[in-house]
Amino acid sequence: MPAEPGTTEVSGEFQARILALVARIPPGRVMTYGQLALLAGHPGAARQAGHVMNGLMGGQDGEGADLPWQRVINAQGRVSTHKLGFGDLQERLLRAEGVPFDASGRCDLSARQWWPEEDRDAPPEALF
DNA sequence: CGCTTGACAAAGG
DNA sequence: CCCTTTGCCAAGC
């Protein structure tokens, strides 16, 4: 449908790319905003990655309702939704998936961060 | 058409 | 380890 060769439809591409990546995150694993932006083709646009997530919250048409938005955290290994009001919920959901959070609300990114290259690899028992 | 905002990231104190 | 500043880029107004 984009009949215009010059139109910047990439903006929607960015959003779709982010959502597609989030949907690919296996349970028990997490991704960072900067990572999403990088894989989306916009390195450095970590903030925008978060903006996209914020957008899927308003639409309740079941489009992004299935997206595991909870598996998206910041590079510090902490959830960036605390001030939004559902930070506690996100931590709870991740913890229920097997992602342990520190008393400070931090998790081990080195062990839980997931990359598409790993291909839905299940978390080994060693991590359990 | 331009300023302000923001689910971020990295560096410095 | 916690807090503050700077940079970055897209979307909203």
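In what follows, every chain begins at residue 1, and chains take the letters A, B, ... in the order their sequences are listed.
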For the pair made of [atom1] in [X] and [atom2] in [N], what is the distance, rounded to whole Å?
{"X": "A:Asn54", "N": "C:dG12", "atom1": "CG", "atom2": "P", "result": "10 Å"}
{"X": "A:His51", "N": "B:dT4", "atom1": "NE2", "atom2": "P", "result": "16 Å"}
{"X": "A:Gln48", "N": "C:dG7", "atom1": "CD", "atom2": "P", "result": "17 Å"}
{"X": "A:Gln76", "N": "C:dC3", "atom1": "CD", "atom2": "C1'", "result": "11 Å"}
{"X": "A:Ile25", "N": "B:dA7", "atom1": "CD1", "atom2": "P", "result": "18 Å"}
{"X": "A:Leu109", "N": "B:dA10", "atom1": "CG", "atom2": "P", "result": "10 Å"}
{"X": "A:Arg106", "N": "C:dC2", "atom1": "CZ", "atom2": "P", "result": "7 Å"}
{"X": "A:Gln35", "N": "B:dA9", "atom1": "CD", "atom2": "P", "result": "10 Å"}

- Task: Kindly say whether, by distance alone, the side chain of A:Arg47 makes a donor-acceptor pair under 3.5 Å with the base of C:dC8?
- Result: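 Looking at the base of C:dC8, it does pair with a donor or acceptor on the side chain of A:Arg47 (distance under 3.5 Å).
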
- Item | Donor-acceptor under 3.5 Å (A:Asn74 side chain, A:Gly77 main chain) |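 Looks like yes, one N/O pair under 3.5 Å.
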
- Query: Just by distance, do the side chain of A:Tyr33 and the backbone of A:Ile73 share a donor-acceptor pair under 3.5 Å?
  - Reply: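 No: the side chain of A:Tyr33 does not pair with the backbone of A:Ile73.
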
- May I ask you to say whether A:Arg29 pairs ionically with A:Glu97, meaning some side-chain N is under 4.0 Å from a carboxylate O?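 Salt bridge: no.
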
- Item | side chain to side chain contact (heavy atoms under 4.5 Å, CB included) partner of A:Val22, chosen from A:Arg71, A:Gln70, A:Met31, A:Met53 |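 Exactly one option meets the side chain to side chain contact (heavy atoms under 4.5 Å, CB included) with A:Val22, and it is A:Met53.
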
